[in-house]
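Since the model is a prediction, treat every value here as computed from it, not as a measurement.
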Amino acid sequence: MVFRRAGDNERDEVIEEQEDGLNIASGDDDDDELYEESLFEPDDQCWVCRNEPGRVGIDPTCHGTYDGDDQRVLLGYNCLEQGLKDAYAKNDGIAVVVEPFGQNKFHLYYRLDEMPAYQFPRSDIEGISWLLLSIGDACARCGEQSHAAWLTPAFVDPDLPEEEDQPVFRNLDKEFEHLCRNCTATALATAYRKLDLPLMTVEVPRSAMGVIMPAGA
């Protein structure tokens, strides 16, 4: 299952993956409990150092969507940057990463081929496809090969609409940074600390093409 953020006048929905591989939005009342299911406890200590409160939970399985040996981990701010670098180093995928902002407590990964099932409008899918094709040149911060396109909040509608005809992305013709895995992890660690939310749950790109989006305000 994958969490989504519904519109302002709608309740949150859970996306369930059916046996045939199709993702559908369920409106059943029983799904409310699933949406509230937490992978991490807000009062837990950092699982690495055990010396500080856990603030950011990394979920490489994207809430069970992907199998594998990668295990989720709850990190405090002192261990966060290295934990993100370790997580991003484990795959060779590329991604558009939208800088987290506001009170969005999730940072969720959507594969490019999944975006139509999540009702992203065609203009968003085409825009993200173009950005993904631009990745691969030098990182803007260190010169290594880039694996991510880094978008600030200026590139998205701050309300993150999900109506089928309402684009999420904007200003995609403006300049943005290409970042390598390490610099992406560093930028994310800085952004998560700046938000200073009690607990965030974040996903990481897989060995594919996709987008990392804020959600769950």
Side-chain angles (χ1 to χ4, degrees), residues 1-5 12 14 34-111 139-142 144 146-153 156 160 177-208 210-217:
M1 68 196 71
V2 178
F3 297 142
R4 295 184 67 206
R5 179 182 180 274
D12 292 322
V14 65
L34 294 175
Y35 182 85
E36 294 300 329
E37 178 188 355
S38 176
L39 297 175
F40 307 99
E41 296 298 328
D43 297 328
D44 279 359
Q45 294 290 97
C46 172
W47 293 2
V48 174
C49 70
R50 303 290 180 180
N51 290 324
E52 61 174 331
R55 304 296 294 274
V56 177
I58 301 177
D59 175 23
T61 71
C62 299
H63 215 91
T65 302
Y66 300 98
D67 296 326
D69 296 330
D70 295 336
Q71 298 295 318
R72 63 183 187 268
V73 59
L74 180 64
L75 301 172
Y77 287 153
N78 290 333
C79 298
L80 179 58
E81 183 171 341
Q82 187 57 52
L84 287 167
K85 287 181 177 180
D86 292 343
Y88 271 71
K90 291 180 180 179
N91 68 77
D92 56 2
I94 61 175
V96 173
V97 180
V98 179
E99 179 183 343
F101 60 87
Q103 295 299 305
N104 292 291
K105 60 184 178 180
F106 298 109
H107 214 192
L108 305 182
Y109 175 65
Y110 301 90
R111 282 202 332 255
C139 172
R141 303 188 185 185
C142 74
E144 295 291 329
S146 63
H147 283 80
W150 179 264
L151 300 185
T152 67
V156 296
L160 299 178
E177 285 187 303
H178 287 141
L179 300 180
C180 68
R181 297 188 186 100
N182 274 352
C183 289
T184 300
T186 299
L188 285 171
T190 300
Y192 295 150
R193 291 193 196 99
K194 183 178 179 181
L195 291 181
D196 198 27
L197 297 178
L199 177 64
M200 288 192 68
T201 299
V202 304
E203 299 173 348
V204 296
R206 307 299 295 183
S207 296
V211 59
I212 299 283
M213 288 288 300

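Distance check: Glu203 CD to Thr65 OG1 gives 7.0 Å after rounding to the nearest 0.5 Å. Interatomic distance, Gln71 CD to Ile58 CD1, rounded to the nearest 0.5 Å: 13.0 Å. The distance from atom CD of Glu81 to atom CG of Asp86, rounded to the nearest 0.5 Å, is 11.0 Å. In this structure, Trp150 CH2 and Arg141 CZ are separated by 7.0 Å, a value rounded to the nearest 0.5 Å. One distance of note links CG of Asn182 with CD of Gln82; it measures 8.0 Å at 0.5 Å rounding. Summarising the geometry, atom CD1 belonging to Ile212 is positioned 10.0 Å from atom OG1 belonging to Thr184; distances are rounded to the nearest 0.5 Å.
Here the side chain of Arg55 pairs no donor or acceptor atom with the backbone of Met200 at under 3.5 angstrom. Between the side chain of Arg181 and the main chain of Ala87, no donor-acceptor pair closer than 3.5 Å is present.
Not counting sequence neighbours, the partners of Asn78 by the side chain to side chain contact (heavy atoms under 4.5 Å, CB included) test are Glu52. In this structure, the ring pair (Phe, Tyr, Trp, His ring centres under 6.0 Å) partners of Tyr192, at least two apart in sequence or on a different chain, are His107.
Heavy-atom minimum distance, Ala215 versus Leu108: CB-CD1, 3.9 Å. Lys85 and Thr186 make their closest contact through CE-OG1, 3.5 Å (heavy atoms, listed as atom of the first residue, atom of the second, distance). Nearest approach of Asp59 to Gly64, heavy atoms of both residues: OD2-N, 4.5 Å. Across every non-hydrogen atom of Cys139 and Leu179, the tightest pair is SG-CA, 3.7 Å. Of all non-hydrogen atoms in Arg50 and Trp47, the two that sit nearest each other are NE-O, 3.7 Å. The two residues Gly216 and Phe106 come nearest to each other via the heavy atoms CA-CD1, 3.8 Å.
By the 4.5 Å heavy-atom criterion applied to side chains, Pro42 and Pro198 are not counted as neighbours. The closest side-chain heavy-atom distance from Val56 to Arg193 is not below 4.5 Å. Between Leu199 and Lys105, every side-chain heavy-atom pair lies at or beyond the 4.5 Å cut-off. Considering only heavy atoms from C-beta on, Tyr77 comes within 4.5 Å of Asp196 through its side chain. A 4.5 Å side-chain heavy-atom check between Leu160 and Phe101 finds at least one atom pair inside the cut-off.
No more than 12 heavy atoms of other residues, nucleotides or ligands shown are found within 6.0 angstrom of CD on Glu144.
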### Task
Verify side-chain contact (heavy atoms from CB on, under 4.5 Å) between Leu39 and His63, making sure each step is shown before the conclusion.
CA-CA 8 Å; Leu39 297 175; His63 215 91; 3.4 Å; yes
Name each donor-acceptor pair under 3.5 Å that joins a side chain in residues 90-100 to protein atoms two or more places apart or in another chain, with its distance.
from	atom 1	to	atom 2	distance (Å)
Asn91	OD1	Gly93	N	3.0
Asn91	ND2	Pro205	O	2.6
Asp92	OD1	Ser207	OG	3.1

